[in-house]
Amino acid sequence: MVEPRSLHDLSYREIEDALRADDVKIVHAKKLWRQLHREAAEDLTACDHFLPPLQQWVDHNVGTEKTYFLDHLQPVDEQRSSDGLTRKYLLKLRDGQTIETVLMAYDGRFTACVSTQVGCAMGCVFCATGQMGFIRHLRPGEIIGQVLHVQRVLRQDFGKKLRNLVMMGMGEPLHNYDSVMAALTTISDTRGPSLSPQRITVSTVGLVPAINRFAEEKRPYNLAVSLHGASEDQRSALIPISKKWPIEQLIAACRSYATMTNRKIFIQWTLIAGKNDSLEIAQQLSSLLQGINVHINLIPLNITDGYAGTATANKAAQQFQRILRDAGHACTFRQRRGIDVAAGCGQLRVEKKERVS
Ligand code: SAH
Ligand code: SF4
């Protein structure tokens, strides 16, 4: 028997092809796509919006032990921060694995932070996801499913829509390049969730060949690069993958991305006391980025179980920022969100007992 596929994994064209293969007119693709990706339908049986040929196709092909299934991620836990501005969802996948998705409110506008892998293979020492290791990639439907979940929540609880999307949850998006790009094509499709590509940010720890590909393919999303060190020694002490794609190559890739695309690049810098927060390092960083159109985001370290480091004190962090700003770089602090429910940057992790189904 052929392995069942998620309807959410399919592109619009693939949905048309699937209908055509069963002699259903492809005009029906639009209604099906809308129910899947705009209405975030959890079930397609007896769907009022479908004409009989489409409903018959669905009844015949979609469901348990049929050709297709729907990626409806099951919420198994929800935590809300005490300030009420952040919600963290633990979502269960079909194989029993779980991932975390975070919804944050900024001035009445909503941003979702989604996962791209179960765990992460990059092993950054200060990151809870890195500390848990790599389990598997997410399929496009599982990435889209997180967006559909938060869309449902926003609709029901706030009567609002999602405005911004950051691929900054569990995992390294560019390690799962094809699935992430397929998901984003659907998520930004105007017939579907219709999120503006300019409000979507892909964050990477610095996979050089994938950054080059992202630039060559002219992907219309923002790119954020997690740097954290201004020399190879500083960086590879925190980020093992830097040994494979050294900082020199990474900066060259950022420079060529900025030139090729004429876009600003976001640089993320987690401030760790005594590791990467001295004024000399700020100056080194400033020179490294000279001539590249960047916006630097400073993130005071969030505590994780597996790393003993602490966040840079406020005053030192502000001096670090001052040096970068005086040198002409745009530089702001990332607002700290959801720390009390471990939903902050780098705190996402699924406990072992929850991972075993
Ligand atoms: N894998 C991607 C995206 C997910 S991590 C990446 O690394 O860019 C999102 C951001 O959180 C990254 O900039 C990462 O360096 C940062 N981060 C990880 N652990 C952190 C921690 N403990 N405190 C603060 N920021 C952290
Ligand atoms: Fe992976 Fe990003 Fe965490 Fe590094 S910081 S381990 S790349 S999720």
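Whatever order the structure lists ligands and atoms in, that order sets their numbers, starting from 1.
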**Message:** Out of Q347, H228, Q268, who is nearest to atom 15 (O) of ligand 1 when you count heavy atoms only?
**Reply:** H228
**Item:** Where ligand 1 meets V205 - atom numbers and elements under 4.0 angstrom, heavy-atom basis
**Value:** 6 (C), 7 (O), 8 (O)
**Request:** State plainly whether the residues R5 and E3 are in salt-bridge range, i.e. N to O under 4.0 Å.
**Result:** no
**Message:** Show the atoms of ligand 1 that are less than 4.0 angstrom away from any heavy atom in G169.
**Reply:** 4 (C)
**Item:** Any A128 heavy atom less than 4.0 Å to ligand 1
**Value:** no
**Item:** Distance flag, aromatic centroids of H137 and H175, threshold under 6.0 Å
**Value:** yes
**Item:** Side-chain ion pair, R349 and D305, N-O less than 4.0 Å
**Value:** no
**Prompt:** How close does the nearest protein non-hydrogen atom get to atom 18 (C) of ligand 1, and which residue and atom is it?
**Reply:** G346 CA, 3.3 Å
**Item:** Element-labelled atoms of ligand 1 that are located less than 4.0 Å from some non-hydrogen atom of S226
**Value:** 6 (C), 7 (O), 8 (O), 12 (C), 13 (O), 15 (O)
**Request:** For I299, take its heavy atoms, then give the atoms of ligand 1 lying under 4.0 Å from any of them.
**Result:** 24 (C), 25 (N)
**Message:** Is C120 close enough to touch ligand 1? Criterion: a residue heavy atom under 4.0 Å from a ligand atom.
**Reply:** no
**Request:** Decide if atom CG of N314 counts as having more than 12 heavy atoms of other residues, nucleotides or ligands within a radius under 6.0 Å.
**Result:** no
**Message:** Please list, in number order, the atoms of ligand 1 under 4.0 Å from a heavy atom of C127.
**Reply:** 18 (C), 19 (N)
**Item:** Proximity flag M122 to ligand 1, non-hydrogen atoms under 4.0 Å
**Value:** no
**Request:** Number the atoms of ligand 1 from 1 as they appear, then name those within less than 4.0 Å of a heavy atom of T204, with their elements.
**Result:** 6 (C), 8 (O)
**Message:** Check for me whether the distance between the ring centres of H8 and H37 falls short of 6.0 Å.
**Reply:** yes
**Message:** I'd like to know if atom 4 (Fe) of ligand 2 has an N/O/S atom from C124 within less than 2.8 Å of it, counting both backbone and side-chain atoms.
**Reply:** yes
**Request:** Mark yes when over 12 heavy atoms from residues, nucleotides or ligands other than R213 sit less than 6.0 Å from its CZ; otherwise mark no.
**Result:** yes
**Request:** Classify the contact between E172 and ligand 1 as side chain, backbone, both or neither, using a heavy-atom distance cut-off of under 4.0 Å.
**Result:** both
**Shared hydrophobic cluster, V208 / M181 (ILVMFWY, side-chain heavy atoms < 4.5 Å)** = yes
**Asked** In ligand 1, which numbered atoms sit nearer than 4.0 Å to a non-hydrogen atom of T270?
**Response** 15 (O), 16 (C), 17 (N), 23 (N), 24 (C), 25 (N), 26 (C)
**Request:** May I ask you to check if ligand 1 and S203 share an N or O to N or O distance below 3.5 Å?
**Result:** yes
**Prompt:** Do any N/O atoms on P300 end up under 3.5 angstrom from N/O atoms on ligand 1?
**Reply:** no
**Request:** Could you list which atoms of ligand 1 come closer than 4.0 Å to a heavy atom of G171?
**Result:** 1 (N), 2 (C), 3 (C), 4 (C)
**Item:** Heavy atom of the protein closest to atom 21 (C) of ligand 1 (residue, atom name, distance)
**Value:** C345 O, 3.3 Å
**Message:** Just by distance, no angles: are the side chains of D71 and S6 close enough, under 3.5 Å, to form a donor-acceptor pair?
**Reply:** yes
**Asked** Does G171 come within less than 4.0 Å of ligand 2, judged by its heavy atoms?
**Response** yes
